[in-house]
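Here is the structure we will look at, set down as structure tokens.
Residue numbers start at 1 and run along the sequence shown.
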Amino acid sequence: KGLVEDGEDGPAAARREFAEELGLPVPEGELFELGEVKQRSGKIVTLWAVEGDLDETAVTPGTFEMEWPPRSGQLRPFPEIDRARWFPVPAARPKLAVGQRPFLDRLLAALR
């Protein structure tokens with residue numbers, strides 16, 4: 001099972017994931033699909049963008065559970081993200097996973 005839940009379309013999944021991970025509603029506006037990229041792990045990621053304002057200080061990350069320490073049988077909660085920040089594009093690029101950088105390029109091309 002991936003991030004898209006049964007009967008859920010791409011934009012609905014993107015809105016749900018945004019809210020779960022950031023603890024904030026998605027800014028109003030039409031979502032723009034940035035396509036798919038296959039990660040090194042084999043996972044296929046589809047990304048959506050929306051124009052809007054986001055107060056990074058208002059982010060309250062959701063959590064997920066993971067067995068920790070490994071093979072201990074103990075599930076512990078961990079935050080979905082450790083922080084949210086705004087960066088100029090040249091500073092943002094190296095902070096992204098290599099497999100996610102194509103999304104930044106696609107967003108920049110769409111904004112031109």
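- Taking both residues in full, the closest heavy atoms of L31 and P11 are given as CD1-O, 3.6 Å, listed atom of the first, atom of the second, then distance.
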(message) Under the criterion side-chain contact (heavy atoms from CB on, under 4.5 Å), I'd like the reasoning laid out for I44 against V37: C-alpha separation, chi angles, the key distance, then a yes or no.
(response) CA-CA 6 Å; I44 296 176; V37 173; over 6 Å; no
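- Expressed to the nearest 0.5 Å, how far OG1 of T63 lies from CD1 of I81 amounts to 12.0 Å.
- A donor-acceptor pair is defined here as one N or O able to donate and one able to accept, closer than 3.5 Å; such a pair exists between the side chain of Q39 and the backbone of G99.
- Two residues are said to be in side-chain contact when any heavy atoms from C-beta on lie closer than 4.5 Å; F32 and W48 fail this criterion.
- Atom CD of Q74 sits about 4.5 Å away from atom OG of S72, to the nearest 0.5 Å.
- Residues F18 and P27 approach most closely at CZ-CD, 4.0 Å, considering heavy atoms.
- When all heavy atoms of P61 and E80 are compared, the pair lying nearest together is CB-N, 4.4 Å.
- Hydrophobic clustering (ILVMFWY, side-chain heavy atoms < 4.5 Å, transitive): L111 and L34 are in one cluster.
- Heavy-atom minimum distance, E67 versus L75: N-CD2, 3.6 Å.
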(request) Kindly determine whether L96 and F103 satisfy side-chain contact (heavy atoms from CB on, under 4.5 Å), including the steps that lead there. (result) CA-CA 10 Å; L96 294 172; F103 292 123; over 6 Å; no
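- For the residue pair E56 and W86, a side-chain donor N or O sits within less than 3.5 Å of a side-chain acceptor on the partner.
- For E30, the CD atom is loosely surrounded, since the number of other residues' heavy atoms within 6.0 Å does not exceed 12.
- For the pair R101 (side chain) and R93 (backbone), a donor-acceptor distance under 3.5 Å is present.
- Hydrophobic cluster membership differs between V50 and L107, with clusters built from Ile, Leu, Val, Met, Phe, Trp and Tyr side chains linked at under 4.5 angstrom.
- The structure places CG of L22 at 6.0 Å from CG of L24, a figure rounded to the nearest 0.5 Å.
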(request) Could you walk me through whether R16 and E20 pass salt bridge (Lys or Arg N to Asp or Glu O under 4.0 Å), step by step? (result) CA-CA 6 Å; R16 180 183 47 76; E20 286 177 5; 3.3 Å; yes
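- Heavy-atom minimum distance, E36 versus T46: CG-OG1, 3.2 Å.
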